[in-house]
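Everything below concerns the one structure shown next.
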Amino acid sequence: MQDFLFLFRMDAKVMTMNLSPDDLKAIIGAWQQWIGELAAGGNFVSTQQLLPVGKVVSGANKGITDGPFTEAGELIGGDMVIKATDLDAAVELAKGCPVLYSGGRVEVRAIMPPQGL
């Protein structure tokens with residue numbers, strides 16, 4: 001089994017919406033069910049949700065700007081590390097992600113094992 005990273009990308013407007021308690025409960029329930037299925041299948045490693053605030057350090061001069069930039073229209077709302085046999089299997093697991101139902105995207109990336117550590 002290999003480790004893969006899911007990056008959950010979504011419209012910035014979705015992350016700042018005021019949802020009703022029932023809508024919020026339904027969304028949380030969908031995430032809990034999907035994560036539970038991944039865990040039951042031995043694929044789940046870890047996950048975390050990201051808040052839409054932070055800073056960006058860039059360039060050789062290490063300039064600091066506010067970010068992430070909601071005006072860009074898309075934010076990374078969180079990430080997850082999973083185990084899968086290969087990239088195709090990881091993509092299949094990503095197809096169940098609840099972020100897809102609100103127009104979001106899941107970026108699936110293979111994680112390189114540590115070298116010489």
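Connection of V99 to V91 is established within a shared hydrophobic cluster, with ILVMFWY side chains joined at heavy-atom distances below 4.5 Å, either directly or through further cluster members. Linking ILVMFWY side-chain heavy atoms closer than 4.5 Å, directly or via other members, places L7 and I111 in a single hydrophobic cluster. Residues L100 and L24 share a hydrophobic cluster, clusters being chains of Ile/Leu/Val/Met/Phe/Trp/Tyr side chains in contact below 4.5 Å.
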- Message: As a quick check of understanding, evaluate side-chain contact (heavy atoms from CB on, under 4.5 Å) for K83 and D3, giving each step before the final call.
- Response: CA-CA 5 Å; K83 290 192 174 295; D3 287 347; 2.7 Å; yes

- Query: Taking it one step at a time, do D86 and Q2 satisfy side-chain contact (heavy atoms from CB on, under 4.5 Å)?
  - Reply: CA-CA 7 Å; D86 57 28; Q2 182 180 354; 5.5 Å; no

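Annotation: side chain of I82 is not in contact with side chain of V45 (no heavy-atom distance under 4.5 Å). F4 places none of its side-chain heavy atoms less than 4.5 Å from the side chain of V81.
Evaluation of the salt bridge (charged side-chain N to carboxylate O under 4.0 Å, His left out) test over residues 21-46, restricted to residues two or more places apart or in two chains, returns none.
The distance from the CG atom of L87 to the CZ atom of R109 is 10.5 Å, given to the nearest 0.5 Å. To the nearest 0.5 angstrom, R9 atom CZ is 4.0 Å from I76 atom CD1. For the atom pair CZ of F8 and SG of C97, the computed distance is 4.5 Å after rounding to the nearest 0.5 Å. The distance from the CD1 atom of I35 to the CG atom of N43 is 12.5 Å, given to the nearest 0.5 Å. Considering CG of L93 and CE of M80, their distance stands at 10.0 Å, rounded to 0.5 Å. Rounded to the nearest 0.5 angstrom, L50 CG and L75 CG are separated by 9.5 Å.
Pairing each heavy atom of A90 with each of A84, the nearest pair is N-CB, 3.7 Å.
Looking only at atom types and distance, the side chain of Q48 has a donor-acceptor partner in the side chain of D79 under 3.5 Å away.
The ring pair (Phe, Tyr, Trp, His ring centres under 6.0 Å) check on W34 picks up W31, with sequence neighbours excluded. Shown here are the salt bridge (Lys or Arg N to Asp or Glu O under 4.0 Å) partners of K95, two or more places apart in sequence or in another chain: E92.
The residues E107 and R105 are annotated as not salt-bridged, no charged nitrogen and carboxylate oxygen being separated by less than 4.0 angstrom.
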